[in-house]
Structure formats: structure tokens, C-alpha cells
Amino acid sequence: MRKTRKVRLPRADQLGRVGLAGRLSSAAVLLILTAAIVFGLVVRIEDRDRAAAEAATAVAGPSTMTKDGLVRVGSPDAKVVVTVVEDPQCPLCRSFESATGPALDALVAKNAVSVDYDLVAIRDRSSTTAYSSRAANAGACVAAADIGKWPVWRRELLNQVPAEGSPGPSDQDLIDLAARIGITPTPQLTDCVTTHRYRAYVANQTEKAIAAKLTHAPAVRIGTSPVTNLTPEGIDAAVRAATARQVEQSNPKSEVK
């Protein structure tokens, strides 16, 4: 006769041990999943921040420029700042420099103003070699190499605005121009100009200017106020008005009680 095997049920203390082990195992799994999720989020945030930093670096100008990517001529602490937006291919920019440049230089020399120059390229189609972008890039390279000689560079550059539809000066011509005004054509400068190191910076400055409703060059403003009279007299009047506003804001009239 076959014996029936007895089934032994776990004792109460054994059930307690099994329940505790199960709970510990579930907690461990939960901790592992939480750690994996947190790690994944940290990696994604780091990747996002790295991509943002790389994008910012790609469109950044030289460290010698202002935080807005402008070339400042004059005191960095000037209370009145004249901003000039110009394109190297622009004949009117050359005319503006010839007529009004000396007046601006005199105001800078008296510490009455500083001038910020915004390098844009809105006239690339006027040449067969995207001269506007190439020359603006070269201007950024010069600012990086010797910011003190940049004003002379700009003046000489505008003296040779190429004819409409022509290729314009080559990259080597731009390097030679820098050398003629006393900037050593180091390998770094040559590489910067010929590889168009600041191409993305110029494109970004141009896009920002267009987004701000730029329709022509040169465009001049003091603060956010556009200056429409670009003659020496017009610039002087605009600067005097801006200076008066600065004085009024720093010395407000006492309120009548």
C-alpha cells in the first residue's frame, strides 16, 4: 500500500522571514530603478547643457568684444554708447565713415561717448564670393589679434568697398591689409581669416540684427533710440540729447510735497 506523503506547511516564524526578504527585495529593486532614472536624467541634463555650451561657443565672437559681440571703441564704462551697424560691402557705410567718422572719433577722444560697432553681412549677394561675410569674419579675427588697431582696420576696409557684382578682395588681401596697418600676420590670424573661424558669429550677429528690424546699413542708435540724421551735426545733437537725459536721470528733481 502506497504511503501518502505529508505536506508540511511553513511555520509562522518562517512566513515572517519570507515576507521580510520579499519586502527587502522589492525595496532594492525600487532603489535600483530610481537610481537608474535619476542617472538617466542627469545624463540628459548634462548632454543638454553641453550642447547649449557648444552652440554658444560656435556663435561667440572674440573675448575682446562686448558680451553682445560688438567691437567697442572708447571707454568700457561710457554712459552714452553710440551703436553703429554696418556691412563691409556697403558704399553708404564708407560715405558715413568719411563724413561722420571724424566727429565720432572726436567725441570718443573727449570721453563723451563710446562707439560699439556691430559686424553684419546683409550684402553677400552683392559680391560673387560672399565678401560681406568674409570681411566681417576678418574684422573679428583682427579684433581678436589686436583690438587696439581695429579702428584703423575698419577705416581702411571701408576705403576699399568693392564694386557691386565683383568678387571683392580675397582672404589673402584681407590678411595683407591687416599687415599694412601694423598687425603681424601670425599663423593664428592667417588661419582665422582663411578658415572663416568666425563665420557662425557673423551669421548670428546678422540674424539678430535682421530680427531687430534692420533694413539697411549703416544704422545708428543710441541705446534703443535710432539716429536718423547721420551727419556730424545730427550725431552731435543726438549725443547731446542723450547726455542730457543721462544727467536728468542721475539727478531727478525732488518731488513737491
Side-chain angles (χ1 to χ4, degrees), residues 60-78 81-121 123 127 129-163 166-202 205 217-218 220 232 235:
S63 60
T64 52
M65 292 183 172
T66 70
K67 61 183 178 63
D68 296 320
L70 310 179
V71 179
R72 174 158 294 191
V73 177
S75 170
D77 302 317
V81 179
V82 179
T83 301
V84 179
V85 186
E86 59 188 14
D87 184 308
Q89 176 78 34
C90 165
L92 290 178
C93 296
R94 177 178 56 197
S95 300
F96 171 73
E97 168 56 26
S98 297
T100 307
L104 278 176
D105 292 343
L107 289 168
V108 169
K110 293 190 299 184
N111 291 322
V113 302
S114 285
V115 183
D116 283 353
Y117 290 96
D118 194 359
L119 313 181
V120 301
R123 295 180 60 86
S127 80
T129 62
Y131 174 74
S132 289
S133 290
R134 291 191 299 105
N137 169 78
C141 295
V142 168
D146 192 337
I147 191 71
K149 290 188 173 68
W150 189 88
V152 180
W153 153 270
R154 168 186 168 271
R155 189 158 47 246
E156 293 301 315
L157 186 72
L158 290 177
N159 282 337
Q160 59 177 38
V161 174
S166 71
S170 67
D171 289 343
Q172 186 57 53
D173 291 332
L174 295 171
I175 295 168
D176 293 342
L177 174 61
R180 285 199 300 275
I181 66 168
I183 298 174
T184 304
T186 62
Q188 292 81 2
L189 176 62
T190 298
D191 181 72
C192 183
V193 174
T194 57
T195 64
H196 306 152
R197 162 68 178 81
Y198 292 108
R199 178 193 292 114
Y201 153 76
V202 172
Q205 291 298 113
V220 180
I235 293 292

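All heavy atoms count here, side chains included; hydrogens, waters and symmetry mates do not.
Two residues are said to be in side-chain contact when any heavy atoms from C-beta on lie closer than 4.5 Å; Gln160 and Asp173 fail this criterion. Looking at His196 and Val202, their side chains never come closer than 4.5 Å, going by heavy atoms from C-beta outward. Side-chain atoms of Tyr198 and Leu119, non-hydrogen and from C-beta on, never get closer than 4.5 Å to each other. Side chains of Leu104 and Val73 form no contact here, defined as non-hydrogen atoms less than 4.5 Å apart. Between Pro169 and Pro162, some side-chain heavy-atom pair lies under the 4.5 Å cut-off. A heavy-atom distance below 4.5 Å is found between the side chains of Val82 and Val220. Counting heavy atoms from C-beta on, the side chains of Asp171 and Arg134 come closer than 4.5 Å. In this structure, the side chains of Tyr131 and Asp87 stay at 4.5 Å or more apart for every pair of heavy atoms.
Between Leu174 and Ala138 the shortest heavy-atom distance is CD1-CB, 3.9 Å. For Ala217 against Leu92, the heavy-atom pair with the smallest separation is O-CB, 3.9 Å. Of all the heavy atoms in Ala136 and Pro88, the pair that sits closest is N-CG, 3.8 Å. Taking each heavy atom of Asn137 and Cys192 in turn, the nearest pair found is ND2-O, 3.4 Å. Between Ser114 and Gly74, the shortest heavy-atom distance links the atoms OG-C, 3.3 Å. Contact record, Pro91 with Arg123: CD-NH2, 4.1 Å, taken as the closest heavy-atom pair.
A salt bridge is absent between Asp191 and Arg197: the closest approach of a Lys/Arg side-chain nitrogen to an acidic carboxylate oxygen does not fall below 4.0 angstrom.
A donor-acceptor pair under 3.5 Å is formed between the side chain of Trp150 and the backbone N or O of Gly139. Under a 3.5 Å cut-off, the side chain of Ser133 and the backbone N or O of Ala130 do not form any donor-acceptor pair. For the pair Thr129 (side chain) and Pro167 (backbone), a donor-acceptor distance under 3.5 Å is present.
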>> Using side chain to side chain contact (heavy atoms under 4.5 Å, CB included), reason through Glu97 and Val161 one step at a time and then give a plain yes or no.
In response: CA-CA 12 Å; Glu97 168 56 26; Val161 174; over 6 Å; no
>> Applying side chain to side chain contact (heavy atoms under 4.5 Å, CB included) to Val108 and Val113, what does each step give before you reach the verdict?
In response: CA-CA 5 Å; Val108 169; Val113 302; 4.1 Å; yes
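Here Cys93 pairs with nothing under the disulfide (SG to SG under 2.5 Å) rule; sequence neighbours left out. For Arg94, there are no salt bridge (Lys or Arg N to Asp or Glu O under 4.0 Å) partners two or more places apart in sequence or in a different chain.
Between the OG1 atom of Thr194 and the CD1 atom of Ile175 there is a distance of 5.5 Å, given to the nearest 0.5 Å. Between atom CD of residue Glu86 and atom CZ of residue Arg154 there is a gap of 4.0 Å, rounded to the nearest 0.5 Å. Atom OG of Ser170 sits about 7.5 Å away from atom CG of Asp176, to the nearest 0.5 Å. Note: Ser98 OG to Asn159 CG = 6.5 Å, rounded to the nearest 0.5 Å.
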Show the atom names and distances, to 0.1 Å, of all donor-acceptor pairs under 3.5 Å that link a side chain in residues 65-72 to residues at least two apart or in another chain.
{"residue": "Thr66", "atom": "OG1", "partner": "Asp68", "partner atom": "N", "Å": "3.3"}
{"residue": "Thr66", "atom": "OG1", "partner": "Leu70", "partner atom": "N", "Å": "3.1"}
{"residue": "Arg72", "atom": "NE", "partner": "Asp116", "partner atom": "OD1", "Å": "2.7"}
{"residue": "Arg72", "atom": "NH1", "partner": "Pro76", "partner atom": "O", "Å": "2.9"}
{"residue": "Arg72", "atom": "NH2", "partner": "Asp116", "partner atom": "OD2", "Å": "2.9"}

